[in-house]
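These notes are about the structure you will find just below.
Everything numeric in this text was worked out from a predicted model, so none of it was measured. Reminder, nothing fancy here: chain letters follow the sequence lines and each chain counts from 1.
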Amino acid sequence: MTDPINDHTTDSDHNSHQALDPKTLPNFDDMPNVALMDTSHVDKDQPPFILVDGSYYLFRTYHALPKTMQNSQGLITNAIRGTLNALLKLMRRYHPTHMAVCFDTKSPTFRHHMSSDYKAARPPIDVELVEQIPYIHRLVSALGIPLLRIEGAEADDIIGTLAYRAVEQGHHVVISTGDKDMMQLVNDGVILEDSFTGKITDTQAVIDKFGINPNQMIDFLTLMGDSSDGIKGVPGIGKKTAKDLLVEYGDIDNMLKHIGFIKGRGAKGLIEHADDIPFNRKLATIITNLEIGQDWNDLKINTDPCAHIEELRTLYTELEFRNELASLDHPNHPANGLQSVADSQANTESHAQVAKSLQSTNTDNMTGSNHQDKAWHTVLDEPAFDSLIEALEAAPHFVIDTETTSVHWREAQIVGLSFAVQAHEAYYIPLTHRLEGDELTAKQLDRDTVLARLKPILENPNIGKIGQHLKYDAHILAHYDIDLVGAIHEQPNNWAMDTMLASYVINAAATRHGMDDLARHYLQTQTISFEEVAGKGAKQVTFDQVAIDIASDYACEDADITYQLFDVFSVELANDANNAKLLHELEIPTAEILCQMEANGILIKRSFLNELSKRFDEEIVALEKRAYEVAGEEFNLGSPKQLGEMLFEKLGVPGGKKTKSGQYSTGEAVLSKIDHPLVDITLEYRGLSKLKSTYTDALDNVADAETDRVHTSYHQALTSTGRLSSTDPNLQNIPIRTATGRLIRQAFIAPEGRVILAADYSQIELRLMAHFSGDKNLTHAFNEGLDIHAATAAEVLGKDVADVTPTERRNAKAINFGLLYGMSAFGLAKQLQMSRGEAQDYIDMYFERYPGVKNYMINTRASAYEQGYVETILGRKLYTPDINHSNRMVKQGAERAAINAPLQGSAADLIKLAMIAVDNVLPKDQAKMLLQVHDELVFEVDADKVDAVSQLITDAMQDVLRTTAVDKGWHVDFAVPLLVETDSGQNWDEAH
DNA sequence: GCATCATCTTA
DNA sequence: GTAAGATGATGCG
């Protein structure tokens with residue numbers, strides 16, 4: 001076999017200056033399609049031939065890495081460093097023998113001659129980048145890597161041509177790039193690797209990302225267009241349509257043959273622009289038959305470490321790349337040098353995302369909206385607003401989304417609104433953008449005028465509102481005196497939907513339920529991330545600082561995606577009536593109530609908290625002092641690591657237990673078994689510093705400065721079981737177990753003339769266990785109103801309830817809780833500090849007396865295996881994806897979760913029903929619902945009305961399965977009574 | 001500056 | 001043994 005890549009040898013110097021005449025078009029008719037090549041002869045045992053898209057790394061790393069990378073001369077070196085790291089990473093990974101780094105040149109190419117638009121939208125290259133380029137060229141040469149720049153040819157085309165020749169000659173190829181256009185070159189012998197992000201793209205990855213084969217990429221780009229390259233695409237066809245058409249018809253030629261069968265705007269665009277297609281196709285095609293000469297020997301890497309070492313030393317010295325310089329002194333251990341480079345690559349990767357946004361923002365800014373095909377509109381004048389209003393009034397339902405200055409609803413200011421009345425069409429009304437130099441800023445419609453005209457529509461219950469996480473939007477609109485109705489208020493006659501809650505109800509475990517996650521999971525679409533438009537970390541700006549054309553794309557996409565999700569979920573829910581009921585009758589009404597509760601907030605007594613804080617602090621300081629005395633030196637008592645070393649090494653206390661990651665375990669369970677003065681001090685110190693940092697100080701910080709109220713946020717689509725969670729601050733883990741901890745609770749108060757009232761379901765999960773298991777002994781105990789733990793002890797030990805000792809009751813309580821958690825003998829033994837055998841005996845005795853409970857455990861496990869899910873009392877399906885996991889530990893964990901899920905999840909269903917039931921009867925002028933803590937509701941009630949209100953609440957909660965549940969179509973014949981206990985007082989502690 | 005670990009709080 | 005969230009310390013870069 002002859003040399004593979006020498007068809008047109010003209011010059012054997014690999015840094016040669018070949019040139020192509022840009023006026024000569026490539027031969028498109030005869031052009032080989034790399035994606036369709038036969039690769040059966042390719043020898044994958046050899047190192048791959050590496051083709052590096054040097055221009056990509058130049059731009060990518062320049063924009064992504066911090067400009068603070070400079071040498072002492074002020075030369076910015078970020079692109080040099082980034083490109084160098086990419087090259088070294090490739091060499092370390094593949095140990096290639098042949099390689100080429102390709103760069104574009106400044107000369108025009110045939111594409112510029114074909115189209116004046118081609119890359120015309122690109123701004124001039126920054127001077128800070130230009131001055132780095134010579135260094136990069138020199139570095140590549142000094143590393144002994146062939147460098148290719150050919151006048152009149154783009155790096156893409158050189159790579160395409162060499163990739164074709166290499167595969168033809170039996171080499172497999174790694175193209176090092178992040179440019180998606182290159183996907184048209186992927187086949188079973190050619191992969192793409194982005195050494196900056198680490199992403200590898202093979203045939204399957206192309207299919208996963210775009211739903212088409214690599215050989216369809218050219219047609220895909222032709223249809224969709226590429227704004228950054230100035231390829232127009234077909235109007236009316238975007239990513240989704242292009243994919244659908246290609247999946248159905250294979251290629252554009254076949255589409256045009258069957259144009260009569262194609263529907264919608266896509267067909268119109270194809271017919272009207274059929275003539276442009278061959279032209280755009282040529283622009284989108286990477287040339288694979290360039291008339292260039294390249295000898296295989298010229299693409300050999302010079303691996304002799306001494307060949308260019310002086311040049312490298314000079315470069316590294318001038319650039320002040322110290323690690324790289326040091327690596328040169330170990331020529332026999334190139335891995336050392338490469339290793340240190342690999343480390344710094346990891347570093348750059350951590351910075352990679354930082355400026356990703358800047359780069360894409362700039363690109364978007366340059367090219368304007370590239371989504372004409374999607375019919376996304378920015379509403380900037382009265383006529384456009386008028387027609388939008390008309391469309392919204394006429395629609396049975398529409399998507400609304402608010403854009404604001406913050407993810408925290410309490411501080412968010414409205415910036416704009418987006419709407420969608422059908423999929424693929426969306427409108428953005430910018431209101432308060434204020435980016436300096438953005439010419440659209442002055443054209444925005446007036447915020448208050450717009451809101452005033454929208455108010456009647458948004459408050460119209462006959463027009464359904466669709467949204468993603470509507471509770472947030474409802475909060476925002478409430479700020480502007482708009483009560484969002486027809487969406488989170490229950491409106492059975494419209495299509496109101498919250499897509500986040502729909503996804504959660506359908507399958508809580510399938511995905512997280514943020515919009516980006518839903519788009520990925522249900523629409524196979526990657527959305528524009530917020531970070532892409534607003535930046536990340538310290539550089540992030542608020543949405544009002546985003547240019548309006550970029551903001552509009554982002555906001556329109558949100559509304560559009562939400563509408564598409566609505567379509568998907570509408571079908572899903574039509575096929576599962578119970579899921580539809582859970583969404584519309586349980587979750588959406590709950591969201592509405594949560595919205596009010598969050599807005600209400602709970603009053604705290606700041607002076608009391610501050611006093612506590614001071615007191616805790618004094619005690620903490622005293623404890624620290626005593627600890628240092630005992631230890632003989634000062635150390636950080638709050639550091640488990642330092643404490644472990646002090647206790648078990650320096651003080652030689654026995655009982656040091658190792659934990660994974662190697663340090664001593666100093667958890668409460670370990671320490672409490674040790675008799676040592678330092679242990680007592682530590683435990684007290686920890687308790688106090690926990691209370692101070694997590695509660696007294698934190699609550700004071702988050703309380704509203706004017707009203708002294710604390711407003712938590714409830715997350716309704718987060719847990720695997722249906723429970724809520726609470727953040728910023730978490731008001732579901734306020735201390736109660738210790739006397740000192742309860743002091744925190746005393747800071748939650750009612751205002752003058754009112755009291756705090758707490759109502760909680762007694763033993764709700766055990767009652768659910770009684771219901772689900774139907775166990776005679778357990779149901780009997782609840783029906784007789786016995787002390788359930790004492791009754792359990794009596795039953796298991798075969799004695800009278802009156803004779804049960806406190807220890808016996810405590811053990812029974814542990815086993816009862818253990819049941820709810822999918823108990824093992826191991827776990828129970830640890831809890832009760834007994835041997836595993838004793839614990840097992842106890843469990844065996846329990847199951848003998850409560851055979852129904854044993855059956856529940858067996859049946860629930862079986863159901864999880866057979867169906868892949870378990871169900872709550874209202875029929876909520878809780879999926880158990882790990883139930884067949886290959887790892888035994890994971891699998892057993894999934895079994896325990898499956899046993900617990902119906903109990904915890906049903907309790908969550910019931911408290912949500914209870915919230916709805918109570919909300920229906922609560923006299924709003926006398927009482928407000930403030931908090932939900934899983935089985936407890938907390939209210940603020942007029943002091944003189946507390947008895948009556950308490951009775952209303954108790955009745956509503958106890959009767960919920962006979963009243964509200966039945967009204968909504970859930971008929972549950974509950975096996976035991978639901979018992980609610982209430983109490984009230986000046987603060988939350990007294991009310992409990 | 002950001003992620004992870006260990007710890008502690010709740011139902 | 002279930003389900004959560006917040007914190008300070010620590011390590012990474």
Gap between atom CG of Asp935(A) and atom CZ of Arg767(A) - 0.5 Å precision: 11.5 Å
Ile843(A) side, atom CD1; Leu819(A) side, atom CG - distance, nearest 0.5 Å: 8.5 Å
By the 4.0 Å heavy-atom rule, please label [X] as base, sugar-phosphate, or nothing.
X         : result
Gly638(A) : sugar-phosphate
Ala814(A) : base
Thr719(A) : sugar-phosphate
Ala538(A) : nothing
Leu819(A) : nothing

Tell me: [atom1] of [X] to [atom2] of [N], nearest whole Å?
X         : N       : atom1 : atom2 : result
Lys830(A) : dG1(C)  : NZ    : P     : 4 Å
Met823(A) : dT2(C)  : CE    : P     : 13 Å
Asn85(A)  : dG13(C) : CG    : C1'   : 13 Å
Glu645(A) : dA9(C)  : CD    : P     : 15 Å

Indicate yes or no for a side-chain donor-acceptor contact from [X] to the backbone of [Y] under 3.5 Å, with no hydrogens or angles considered.
X         : Y         : result
Gln732(A) : Gln932(A) : yes
Ser863(A) : Val870(A) : no
Ser773(A) : Asp775(A) : yes

dA3(C) phosphate, OP1 or OP2, under 4.0 Å from Ser725(A) side-chain N/O: no
Nucleic acid contacts - residues 614-623 of chain A versus DNA chain C, non-hydrogen atoms under 4.0 Å: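 By residue number: none to list.
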Charged N-O contact under 4.0 Å between Arg512(A) and Asp517(A):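 Yes, Arg512(A) and Asp517(A) are salt-bridged.
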Geometric cation-pi criterion Lys692(A) and Phe616(A), 6.0 Å radius, 45° cone: no
Given dA9(C), dG1(C), dA3(C), the nucleotide with the shortest approach to the side chain of Asn636(A):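 Among dA9(C), dG1(C), dA3(C), the one nearest the side chain of Asn636(A) is dA9(C).
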Residue pair Ile749(A) / Trp988(A), side-chain heavy-atom distance below 4.5 Å: no
Sequence-aligned protein contact record of nucleotides 6-11 of chain B, with B where the base is within under 4.0 Å of a protein heavy atom and S where only the sugar-phosphate is: SSBBSB
Glu598(A): which of Lys471(A), His711(A), Arg410(A) passes side-chain hydrogen bond (donor to acceptor under 3.5 Å, both in side chains):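 Going through the options one by one, the only one that passes is Lys471(A).
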